[in-house]
**Q** 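Below is one structure. I have some questions about it.
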Amino acid sequence: MIDLKLLQKDFGSVSDKLLKKGVDIKLLDLLKRKNEELKSAKANYETLQAAQNSMSREFGIYKKEGKDISELKERVDANKIKIAEALEAQRTKQDELESLAMSIPNIPDDDVPEGEDECSNVELKKILTPREFNFTPKEHWELAEQNGWIDFERGVKLATSRFSVSFGMGAKLERALINFMLNFNSKRGFQEVSVPSIVNRAALEGTGQLPKFEDDLYKIENQELFLIPTAEVPVTNLYQDEILSPSQLPIKMTAYTSCFRKEAGAAGRDTRGMIRQHQFHKVELVSITKPQDSDKVFDEMVQTASDLLSALELPHRLVMLCGGDLGFGAAKTVDLEVWLPGQNSYREISSVSNTREFQARRAKIRYKDENKNSFVHTLNGSSLAVGRTMVAIMENFQNEDGSITIPKVLEPYIN
RNA sequence: GGAUAGAUGGGUGAGUUGGCUGAAACCACAUCCCUGCUAAGGAUGCGUACUGGUAACGGUACCGAGGGUUCGAAUCCCUCUCUGUCCA
């Protein structure tokens with residue numbers, strides 16, 4: 001959630017920055033007005049309530065002293081009616097404000113480039129040179145089927161489109177990757193956690209998936225529970241509504257989970273293969289830091305994901321997302337795109353974001369800063385999406401006959 | 001699924017014949033004093049959020065969540081959620 005006090009105090013600069021993310025100024029203006037209305041409604045209610053409270057106290061004293069209370073009772077009853085009205089007014093304002101505020105995205109950092117979509121993203125650097133093929137490299141679905149690693153039809157049979165099944169070496173490679181990534185991240189100081197794949201509404205509101213993006217979530221029937229779209233949700237919300245001590249920070253965690261997404265609005269995109277599935281495996285990094293440390297930890301997380309790709313000998317590049325391509329909760333995002341020779345292009349395989357206070361404010365994650373409580377910064381990033389890593393390995397390590405060499409670092413995990 | 005007990009501040013845990021209780025006490029924590037050494041003792045402070053005020057200092061709300069009764073509820077009533085124990 002954006003900082004309403006900041007909006008109130010410095011409307012100009014907040015709205016300028018949110019413009020980068022395509023937010024209508026009228027909406028912000030409305031939010032500001034609602035906030036002011038709520039404040040005055042609240043003040044009104046509290047004044048009435050204060051009077052009520054003091055009369056109630058008098059009431060007790062009168063009774064104790066055996067005084068006549070009928071006059072007091074009249075005043076108190078009259079005030080009571082006003083209170084009910086004031087409370088109702090305040091609640092309406094509160095609800096209006098909250099639903100509006102919850103739908104405003106995070107303020108992007110100053111160094112986020114302008115732009116509407118991925119065309120304006122800025123490449124930061126390339127790591128490793130794509131290999132030269134002396135044959136035409138195949139796309140991963142062809143290789144996957146040829147090697148018997150992945151069965152797309154049977155996935156559809158069991159569930160629906162955008163589901164697949166891994167067999168044999170394919171399944172093994174998947175498991176090897178998960179273990180390799182978790183171990184790698186642990187060595188970089190990220191503590192491993194294992195979390196539920198089902199979470200409640202509060203958790204999803206905390207990280208910003210709700211209320212705006214309910215359409216993309218699988219919901220458990222008749223319950224306020226959802227399948228997680230990313231481990232970011234349960235892991236970040238581990239510390240929901242807590243006040244951490246500064247000595248605990250930074251908290252750096254890594255978790256493996258399945259992720260579930262309806263992919264609403266992605267119709268027709270990446271329909272073939274396993275780039276975009278409804279269920280996919282992902283190893284995630286999540287950090288909770290003091291505000292002054294979040295940039296440093298952000299870099300560490302990008303570096304960890306990049307080094308992971310390098311260890312797997314996968315050429316990739318780092319891309320800074322522009323304002324228009326930035327996710328709802330992110331103040332800043334660096335994507336890692338892996339080279340796919342079959343597609344002859346770089347494709348996203350990891351996304352590292354700093355949400356700054358945005359999620360912390362929603363999820364009420366604070367820390368004791370000297371004597372006052374301040375919001376922490378939360379960061380998340382994939383390291384890596386397992387399915388897409390499989391794709392990258394297949395395409396980059398393919399041989400002319402369609403066989404696939406296993407990257408050296410994975411050998412201990414396979415045998 | 002049935003029965004029963006419970007849910008209080010960072011922790012343990014009082015308070016349930018409704019009224020100066022936002023909440024005792026202890027622990028933890030912070031600062032200071034004393035002391036002087038792998039200690040102990042003493043003093044003070046110490047919930048969260050919003051809000052008024054330059055400040056001093058005030059106001060409102062919160063005792064699992066949401067309703068209700070009442071001039072007034074942590075305390076009474078209802079619903080829900082969760083936890084413990086026992087039974088199927």
Side-chain angles (χ1 to χ4, degrees), chain A residues 1-9 31-102 104 195-196 198-206 210-211 219-226 234 237-249 251 288 290 357-376:
Chain A
M1 194 152 81
I2 69 163
D3 186 347
L4 288 173
K5 278 185 200 158
L6 185 67
L7 182 79
Q8 210 65 50
K9 211 172 66 190
L31 183 63
K32 181 169 182 259
R33 226 172 43 234
K34 291 270 182 227
N35 192 30
E36 281 157 4
E37 284 173 14
L38 174 63
K39 268 172 89 167
S40 77
K42 234 178 179 168
N44 180 239
Y45 165 75
E46 285 176 6
T47 309
L48 291 169
Q49 187 62 52
Q52 188 78 356
N53 287 347
S54 89
M55 283 191 277
S56 288
R57 250 167 276 148
E58 264 182 82
F59 204 101
I61 295 164
Y62 275 36
K63 261 193 128 175
K64 210 160 149 193
E65 294 175 351
K67 285 197 200 161
D68 178 38
I69 52 166
S70 54
E71 184 269 345
L72 182 60
K73 176 103 165 65
E74 261 173 53
R75 277 194 290 150
V76 127
D77 284 343
N79 195 51
K80 221 179 159 183
I81 296 164
K82 286 199 223 157
I83 287 182
E85 286 167 5
L87 182 62
E88 186 54 37
Q90 186 207 308
R91 279 197 181 152
T92 312
K93 294 285 172 222
Q94 176 89 49
D95 290 349
E96 286 173 0
L97 180 81
E98 226 168 70
S99 67
L100 190 59
M102 289 289 269
I104 306 283
V195 290
I198 291 178
V199 293
N200 57 32
R201 185 169 284 275
L204 287 154
E205 283 175 350
L210 288 180
K219 188 173 184 215
I220 311 288
E221 200 176 7
N222 297 326
Q223 292 191 298
E224 286 298 291
L225 295 172
F226 303 81
N237 280 289
L238 244 22
Y239 296 95
Q240 182 198 99
D241 206 14
E242 291 191 24
I243 299 172
L244 304 164
S245 96
S247 61
Q248 285 176 269
L249 300 173
I251 299 173
I288 296 176
K290 293 180 198 171
E357 290 183 3
F358 188 78
Q359 292 180 330
R361 179 170 284 111
R362 288 174 159 241
K364 299 188 182 69
I365 309 174
R366 292 150 294 172
Y367 78 106
K368 271 244 174 309
D369 180 14
E370 306 284 311
N371 284 321
K372 65 181 198 299
N373 296 321
S374 304
F375 290 112
V376 296

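Here is the naming used below: chain letters follow the sequence lines, and residue numbers restart at 1 for every chain. Because the structure is a prediction, the values reported are computed rather than measured.
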**Q** With sugar-phosphate meaning primed atoms plus P, OP1 and OP2, does A/R75 contact a base, only sugar-phosphate, or nothing at under 4.0 Å between heavy atoms?
**A**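 Here A/R75 touches no strand at all.
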
**Q** Touch check for A/R361, heavy atoms < 4.0 angstrom, all strands: base, sugar-phosphate only, or nothing?
**A**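 Nothing, no nucleic acid heavy atom in range.
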
**Q** Within the distance-only criterion (no hydrogens, no angle test), does the side chain of A/R362 pair as donor or acceptor with the backbone N or O of A/A202 below 3.5 angstrom?
**A**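 Flag not set: sc A/R362 to bb A/A202 has no pair under 3.5 Å.
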
**Q** Dump the intermediate steps for side-chain contact (heavy atoms from CB on, under 4.5 Å) on A/L244 and A/R366, then the final yes or no.
**A** CA-CA 6 Å; A/L244 304 164; A/R366 292 150 294 172; over 6 Å; no

**Q** Over all strands shown, is A/E58 touching base, sugar-phosphate only, or nothing at heavy-atom distances under 4.0 angstrom?
**A**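 If one applies the 4.0 Å heavy-atom cut-off, A/E58 turns out to touch nothing in the nucleic acid.
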
**Q** Partner lookup for B/G22, please. Criteria are Watson-Crick or G-U wobble with both distances under 3.5 angstrom; report none if nothing qualifies.
**A**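 Checking every strand shown, B/G22 finds no partner, since no pair has both distances under 3.5 Å.
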
**Q** What I want to check is whether the side chains of A/E46 and A/Q90 have a donor and an acceptor closer together than 3.5 Å.
**A**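 Judged by distance alone, the side chains do not pair up.
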
**Q** Mind checking A/N79 for me? I need base, sugar-phosphate or nothing, with any heavy atom below 4.0 Å counting as a touch.
**A**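 Result for A/N79 = nothing.
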
**Q** Paired with B/G53: which nucleotide, if any, by Watson-Crick or G-U wobble criteria at under 3.5 Å for both distances?
**A**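 Across all strands, not a single nucleotide pairs with B/G53.
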
**Q** Mark yes or no for whether A/E88, through its side chain, and A/E85, through its backbone, hold a donor-acceptor pair below 3.5 Å.
**A**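 No.
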
**Q** Tell me what A/A43 touches on the nucleic acid: a base, only sugar-phosphate, or nothing, going by heavy atoms under 4.0 Å.
**A**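 No contact.
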
**Q** Looking at every strand, decide which applies to A/K364 at a 4.0 Å heavy-atom threshold: base, sugar-phosphate, or nothing.
**A**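 Here A/K364 touches no strand at all.
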
